[in-house]
Structure formats: C-alpha cells, structure tokens
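Each residue takes its place number in the sequence, starting with 1. Each ligand, and each atom within it, is numbered from 1 in the order the structure gives.
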Amino acid sequence: MDTLLCCCLCLLALLVVSCSTAGASAAGSGRCVRQGKAAYAPSLSPLPQGGGSCGYGAMAAEINGGFLAAGGPRQHRGGLGCGRCFQMRCRDARLCSRRGVRVVLTDFHRSNRTDFLLGGPAFAGLAKPGMAHQLKGHLSVDYKRIPCDYKDKNLSILVEEGSKRPSSLVVKLLYQGGQTDILAVDVAPVGSSEWRFMTRVHGPVWSTDRAPAGPLQFRAVVTGGYDGKWVWAEQEVLPEDWRPGQVYDTGVRIADVARDDGACRGCASSSGSLEWR
Ligand SMILES: *[C@@H]1O[C@H](CO)[C@@H](O)[C@H](O)[C@H]1NC(C)=O
Ligand SMILES: *[C@@H]1O[C@H](CO)[C@@H](O)[C@H](O)[C@H]1NC(C)=O
C-alpha cells in the first residue's frame with residue numbers, strides 16, 4: 001500500500017480529519033440496518049445495452065457479477081450513490097434466505113412504492129433455494145450499506161467517448177471499493193504538482209476541458225464516515241496517447257470503511273442487534 005499516501009485535509013470546518021496511511025479498520029460501526037421495500041425490475045438485467053443512469057454501460061454487468069440495483073431518491077444523492085454496495089434480505093422467513101444478496105447501485109428510479117428495484121439475479125438471490133418463483137411484488141427488506149469489495153480490481157479510470165486529446169478529458173471511475181464517497185478528483189502531469197480540478201458531471205463521471213498534456217496522474221478526495229483524505233495515484237495512470245474507450249488502472253485500491261455513520265439516525269436498528277453475514 002505504499003502508493004497510497006495520505007495527508008490531512010480539512011474538507012469542512014466541521015470535519016475532524018484523521019491522518020493515516022492504512023484504511024480504517026472494518027470495525028462494525030456505521031452499518032446501519034434499515035427497512036424498506038424491494039421489487040423486481042426486468043430492465044436491470046445485466047444486458048450489454050443496459051447499464052443504468054450511473055452510466056456504467058456494458059460494464060455494469062461485470063461490476064458485481066450482475067447483482068445490480070436501482071435506488072430510490074433516498075439513495076440517489078445527486079449521483080453520489082452510484083456504485084454504492086448494499087446487502088439486503090427479504091423478511092418472509094418461509095421464502096427468504098437469511099443471508100440475502102449483495103448488490104451495487106448502477107441506476108436510480110423515481111418510484112415512491114419501493115426503495116430498490118433489483119435485477120433478475122439479485123431478486124432471485126433473495127429467495128431460499130427453489131423459492132425464487134414465489135417471490136412477488138414489493139417485498140419488505142432489511143438493508144444496509146456495506147463496503148464494496150472488488151477482489152482483484154484496483155480503482156480504474158475509463159476515458160469516456162467524447163474525450164479529445166489533449167485538453168478535453170471525461171473519465172468514469174470504476175471499482176471504487178470500500179464504503180466511501182469520492183468528493184473531488186484532480187489531474188496533473190506525471191511528476192508535477194500542477195493539479196487541476198475536475199468537475200463531477202454525474203455520479204462517477206468527472207470532466208475537465210483544461211486537462212494538461214499526458215502522461216497524467218490523478219488524486220481524489222475520498223471520504224468514509226466523517227473522515228476525508230487524499231488518495232494519490234502518483235504514477236502514470238493515463239499515458240501520453242490516452243484514448244477514449246480505454247480503461248486505465250490507477251494502481252490504487254480503496255478499501256476504507258465508514259467509522260461512523262451520521263446518517264444512521266432514525267434507522268430501524270444499529271449494527272449489532274441486527275447483524276448478518
Ligand atoms: C407518489 O408520488 C406521486 C407523485 O410524485 C404522488 O402523487 C403520490 O401521492 C405519492 N404516493 C405516495 C404513497 O407517497
Ligand atoms: C493493482 O495495483 C498494484 C500496484 O499498486 C499492482 O501491483 C497490481 O497488479 C494491480 N492489480 C491489478 C488487478 O491490476
């Protein structure tokens with residue numbers, strides 16, 4: 001993890017920022033279990049032309065083994081919710097497996113009848129073996145945000161179609177692990193400290209029309225719980241002749257977990273009393 005450097009950063013006056021080079025430990029705090037509804041949505045099947053409003057496109061299918069969900073307004077948060085991972089299980093003891101499924105948000109919906117719409121594999125995965133065909137309608141579910149775990153993937157950068165060398169650069173961040181939000185992304189030539197900020201277009205997509213000439217390095221402000229820190233990919237991420245449509249590995253893995261979840265107020269239960277694996 002020596003490419004993962006970190007320094008103190010004050011994101012907001014209110015934030016107390018800690019400084020550590022290791023990811024926060026996976027202590028169970030901040031895993032608020034909520035109750036809500038989930039329903040099946042055929043359009044979330046991991047088809048190549050799908051991909052949802054987070055803009056993952058065909059990649060959505062491989063992001064989480066096809067276990068995809070669309071979140072409602074509460075999960076959307078201006079696109080910040082894209083790529084978040086949830087564990088959920090339905091509550092009918094006769095039909096529902098105790099473990100439930102792990103899903104990643106790749107899309108959003110506006111229905112106020114349900115919190116989540118689930119693609120086929122995820123919806124079926126809620127059931128006990130052989131019971132999937134009996135799951136119908138809007139199911140009552142327990143759910144909690146969990147760290148995303150992309151086992152053999154580093155944080156990666158997809159250069160979006162429409163980018164144009166040298167200065168027009170639109171990137172999508174893929175495989176954002178842990179239980180984190182990315183609040184800022186900067187780009188600079190390798191070996192320089194002339195960082196230029198990128199602007200969030202939506203969800204995981206960031207752009208600038210002032211990109212320096214490559215090769216390029218990146219840094220991002222990542223938060224988990226109350227902490228914010230810079231994560232640096234201080235090496236060549238994009239080569240000089242970067243190309244739209246290509247995915248580039250940052251060599252950095254994000255695995256931080258929320259230490260505390262201020263948003264937990266009003267949830268059904270805090271961790272501990274309704275923990276499951
Ligand atoms: C759902 O949303 C629609 C339109 O936004 C509204 O008219 C309706 O009352 C809402 N239903 C419930 C149950 O909140
Ligand atoms: C992730 O990055 C590290 C370097 O930081 C590299 O050694 C490793 O091969 C990368 N993993 C993958 C799957 O590309």
Discussion item. So, using salt bridge (Lys or Arg N to Asp or Glu O under 4.0 Å) as the criterion, who are the partners of D92 when residues are at least two apart?
Written reply: none

Worksheet item: Within the structure, does G251 bring an N/O atom to less than 3.5 angstrom of an N/O atom in ligand 2?
Response: yes

Worksheet item: Who are the salt bridge (Lys or Arg N to Asp or Glu O under 4.0 Å) partners of D186, not counting sequence neighbours?
Response: R219

Worksheet, complete the sentence: Note: ligand 2 atoms sitting under 4.0 Å from heavy atoms of D152 are 13 (C)

Practice prompt. Pull out every atom of ligand 2 sitting under 4.0 Å from any heavy atom of N154, numbered as shown with elements.
Written response: 1 (C), 2 (O), 3 (C), 8 (C), 10 (C), 11 (N), 12 (C), 14 (O)

Worksheet, complete the sentence: Heavy atoms of T250 and L155 approach each other most closely as OG1-O, 2.6 Å

Practice prompt. Without swapping roles, check the side chain of S97 against the backbone of G100 for a donor-acceptor pair under 3.5 Å.
Written response: yes

